Amino acid sequence: MFSKVRMCVVSGLTRLPTYVNSTTAIKATPALCRHQHRTFSSESAGVKVLYDGLCPICVTEIRFLQFLQRNRPEKVDFIDIALPGYDGEKYKDISYEMAMEQMHVIDEKGEVHSGIPAFAVMYGAVGLGWVGRLMMWKPVRPFMDKSYAIFAKNRLKWTGRGEECITGRCEKKTS
């Protein structure tokens with residue numbers, strides 16, 4: 001009984017819309033069932049995820065995604081914007097300040113995605129396309145956009161850092 005329910009849920013999620021925004025659609029990775037075989041192609045190679053390496057919440061998620069792609073590290077490059085050598089010119093002119101405001105992902109075609117669409121591209125690249133499709137699904141998308149806006153606005157405060165991190169390099173406060 002449980003396996004039939006699970007198959008219905010999984011097959012239903014694979015049919016969710018794959019919207020990135022109103023004009024762009026992403027190619028999402030289908031959810032996997034026991035009977036499906038995972039195949040990898042070079043189509044998604046070269047996805048670049050820009051993340052704040054001083055944000056413990058962000059780092060936890062990135063470590064999980066790195067774990068998911070451990071057998072194919074060439075699939076996604078995780079770029080820590082908090083490192084002193086970060087140069088936005090190398091990443092489609094996404095400055096440190098822009099990257100601190102919200103999540104940015106550069107897909108394999110060189111297109112820049114930010115906010116919730118960035119998460120959809122990132123999750124699709126590591127094999128969690130169904131999560132990205134769920135986030136982008138019309139009934140769920142407004143909730144995701146609002147939730148992420150709240151997180152992005154408050155993450156520095158919630159992780160013990162101040163507003164000075166937005167315009168200049170910063171470190172986690174120790175006090």
Side-chain angles (χ1 to χ4, degrees), residues 9-32 43-44 46-69 75-82 86 88 91-168 170 172:
V9 169
V10 169
S11 66
L13 288 175
T14 61
R15 289 189 293 261
L16 287 175
T18 58
Y19 302 108
V20 169
N21 61 36
S22 60
T23 60
T24 310
I26 65 167
K27 181 177 179 182
T29 307
L32 297 173
E43 277 183 352
S44 295
V47 173
K48 292 171 182 53
V49 174
L50 308 180
Y51 74 98
D52 178 5
L54 292 175
C55 169
I57 298 166
C58 308
V59 169
T60 299
E61 182 172 20
I62 294 302
R63 285 186 182 152
F64 172 68
L65 297 173
Q66 287 172 327
F67 172 78
L68 290 178
Q69 68 141 24
K75 191 101 167 144
V76 180
D77 292 327
F78 295 96
I79 313 301
D80 183 353
I81 65 164
Y86 175 75
Y91 304 103
K92 299 287 186 173
D93 291 325
I94 300 169
S95 68
Y96 173 79
E97 291 79 13
M98 291 168 58
M100 285 296 286
E101 287 178 14
Q102 63 179 335
M103 177 71 137
H104 285 78
V105 172
I106 304 167
D107 68 18
E108 64 279 355
K109 295 175 187 171
E111 294 178 31
V112 176
H113 304 270
S114 59
I116 295 302
F119 285 97
V121 171
M122 177 178 69
Y123 291 145
V126 297
L128 293 176
W130 67 271
V131 175
R133 288 190 303 277
L134 180 62
M135 294 172 78
M136 298 301 293
W137 190 35
K138 272 188 179 181
V140 176
R141 176 71 188 271
F143 172 75
M144 294 306 302
D145 285 335
K146 184 68 173 168
S147 299
Y148 182 68
I150 292 168
F151 171 77
K153 182 178 180 180
N154 293 292
R155 75 179 178 86
L156 294 173
K157 178 173 51 175
W158 293 345
T159 60
R161 296 180 294 159
E163 293 298 319
E164 70 276 3
C165 295
I166 293 174
T167 57
C170 65
K172 187 172 181 180

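All of these numbers come straight from a predicted model, not from anything done at the bench. Numbers here are sequence positions counted from 1.
Counting all heavy atoms, side chain and backbone alike, Met98 lies closest to Asp93 at SD-O, 3.8 Å. Annotation for Met103 and Tyr148: closest pair N-OH, 2.6 Å, computed over non-hydrogen atoms. In plain terms, the two heavy atoms of Gly53 and Val59 that are nearest each other are O-CG2, 3.4 Å. Of all heavy-atom pairs spanning Ala118 and His113, the tightest one is CB-O, 3.3 Å. Contact record, Pro142 with Lys138: CD-O, 3.1 Å, taken as the closest heavy-atom pair. Nearest heavy-atom pair, Lys92 versus Gly110, reported as atom, atom and distance to 0.1 Å: CE-O, 2.9 Å.
Partners of Asn154 by side chain to side chain donor-acceptor pair (under 3.5 Å), not counting sequence neighbours, listed by chain and number: Lys157.
Separation of atoms CZ (Arg63) and CG (Leu68) is listed at 14.5 Å; rounding is to 0.5 Å. Atom CZ of residue Phe143 and atom CD1 of residue Ile116 lie 10.0 Å apart, to the nearest 0.5 angstrom. Note: Phe119 CZ to Met144 CE = 8.0 Å, rounded to the nearest 0.5 Å. To the nearest 0.5 Å, atom NZ of residue Lys146 and atom CD1 of residue Ile150 are 5.0 Å apart.
Residues Lys75 and Val126 are not in side-chain contact: their nearest non-hydrogen atoms beyond the backbone lie 4.5 Å or more apart. In this structure the side chain of Cys55 never reaches within 4.5 angstrom of the side chain of Met100, judged on heavy atoms.
Evaluated for a side chain to side chain contact (heavy atoms under 4.5 Å, CB included) with Ile81, the options Ile94, Leu54, Leu50 yield exactly one hit, Leu50. Exactly one residue among Val76, Leu128, Asp107, Val105 makes a side chain to side chain contact (heavy atoms under 4.5 Å, CB included) with Met122. That residue is Val105.
Checking side-chain atoms of Tyr91 against main-chain N and O of Ile79 turns up no donor-acceptor pair under 3.5 Å. In terms of modelled atom types and a separation under 3.5 Å, the side chain of Arg161 and the main chain of Arg155 share no donor-acceptor contact.
Between Trp158 and Phe151, the two ring planes are tilted [angle within 30° to 60°].
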